[in-house]
2 protein chains.
Amino acid sequence: MVEHLPATLNGVFHALADPTRRAMVHHLASGERTVSELASPHAMSLAAASKHVRVLEQAGLLRRAIEGRVHRCSLERQPLVQAFSWLRAYTDFWDARFDALEDLLNAGDDDDRA
Amino acid sequence: MVEHLPATLNGVFHALADPTRRAMVHHLASGERTVSELASPHAMSLAAASKHVRVLEQAGLLRRAIEGRVHRCSLERQPLVQAFSWLRAYTDFWDARFDALEDLLNAGDDDDRA
DNA sequence: GCAATTATAAACCGAATGGTTGAGCATCTG
DNA sequence: CAGATGCTCAACCATTCGGTTTATAATTGC
């Protein structure tokens, strides 16, 4: 079906290391945006913003649907999950608190996958 | 108490965007390492590895204890947790019950822009 | 058809990255 | 003391990054 690029951690972390691009991710999280819409909050030329969009796209974080002269962009979450999963191994975030949270949140027990 | 640098997402994600530095983080995850120990698996000069160590240090991911001529390095997990937390908001990886988790543990939603 | 809109391309620039080599500074050891 | 060890610093180099400006292509609307 849709061909995805490998979406390496290098690319994903690099893409996220820039505040403009993180803001774009944040913006995309609530729905599709055109390149202009992604660009408008930022004090830079459209061309510069377009480059940021391209970095996100090449990192696999953004998909682009060209509709006429408009490029409609959407967030691709899978590479974010990859990065998230990588980090998870090195944070004690989970292990340190999981048990306590189980107790807190498991008032009524449902199906779970973790 | 020890004075830590702010540990911005910029710095943390940038530090993690390099495979050598991710390997160093991995290496450090199992315990303290000297600079030489961190350097040895990598096909580069000690000076180059030393620069990577410095990047990790400035990102707040690594703490350094100088003992004689040896620099003993340890992993600082808190900035990893910050990055983890940022990512968490954009992955739908975990189900709704863990939203409550975020409320409990919330480290704040800072967009550091610098 | 023509003008405006949306977006990329290309050329350029200064600064940062990631590597090298060589020198230098402490520190441990024989 | 002399030498080896652990590590950093400084200079250098090629490449990438993040921005600019100008030009150009494609689409839409009057």
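Below, chain A is the first sequence line, B the second, and so on; all start at residue 1.
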* To do: Mind checking side chain to side chain contact (heavy atoms under 4.5 Å, CB included) for A:Pro41 and listing every partner two or more places apart, or none if nothing turns up?
  => A:His27
* With sequence neighbours excluded, what pairs up with B:His42 under the side chain to side chain contact (heavy atoms under 4.5 Å, CB included) test? -> B:Thr20, B:Ala23, B:Met24, B:Met44
* Nucleic acid contacts - residues 65-73 of chain A versus DNA chain C, non-hydrogen atoms under 4.0 Å -> A:Arg69, A:Val70, A:His71
With sequence neighbours left out, what residues match [X] under salt bridge (charged side-chain N to carboxylate O under 4.0 Å, His left out)?
| X | answer |
| --- | --- |
| A:Arg33 | none |
| B:Arg54 | none |
| A:Arg69 | none |
| B:Arg77 | A:Asp92 |

* Give the rounded distance in Å between these two atoms: CG of A:Asn10 and P of D:dT16. => 14 Å
* Separation of atom CZ in B:Arg54 from atom C1' in C:dA16, rounded to whole Å -> 15 Å
* Quick one: ring-ring contact (aromatic ring centres under 6.0 Å, His included) pairs with a partner in residues 58-80 of chain A, sequence neighbours left out? -> none
* With the sugar-phosphate defined as primed atoms, P, OP1 and OP2, and the base as all remaining atoms, what B/S/- string results for nucleotides 17-24 of chain D, 5' to 3', for protein heavy atoms under 4.0 Å? -> SSBBB---
* N/O (side chain, A:Ser36) to phosphate O (OP1/OP2, C:dA7) under 4.0 Å -> yes
* Hey, is the main chain of A:Val81 close enough, under 3.5 Å, to the side chain of A:Ser85 for a donor-acceptor pair? -> yes
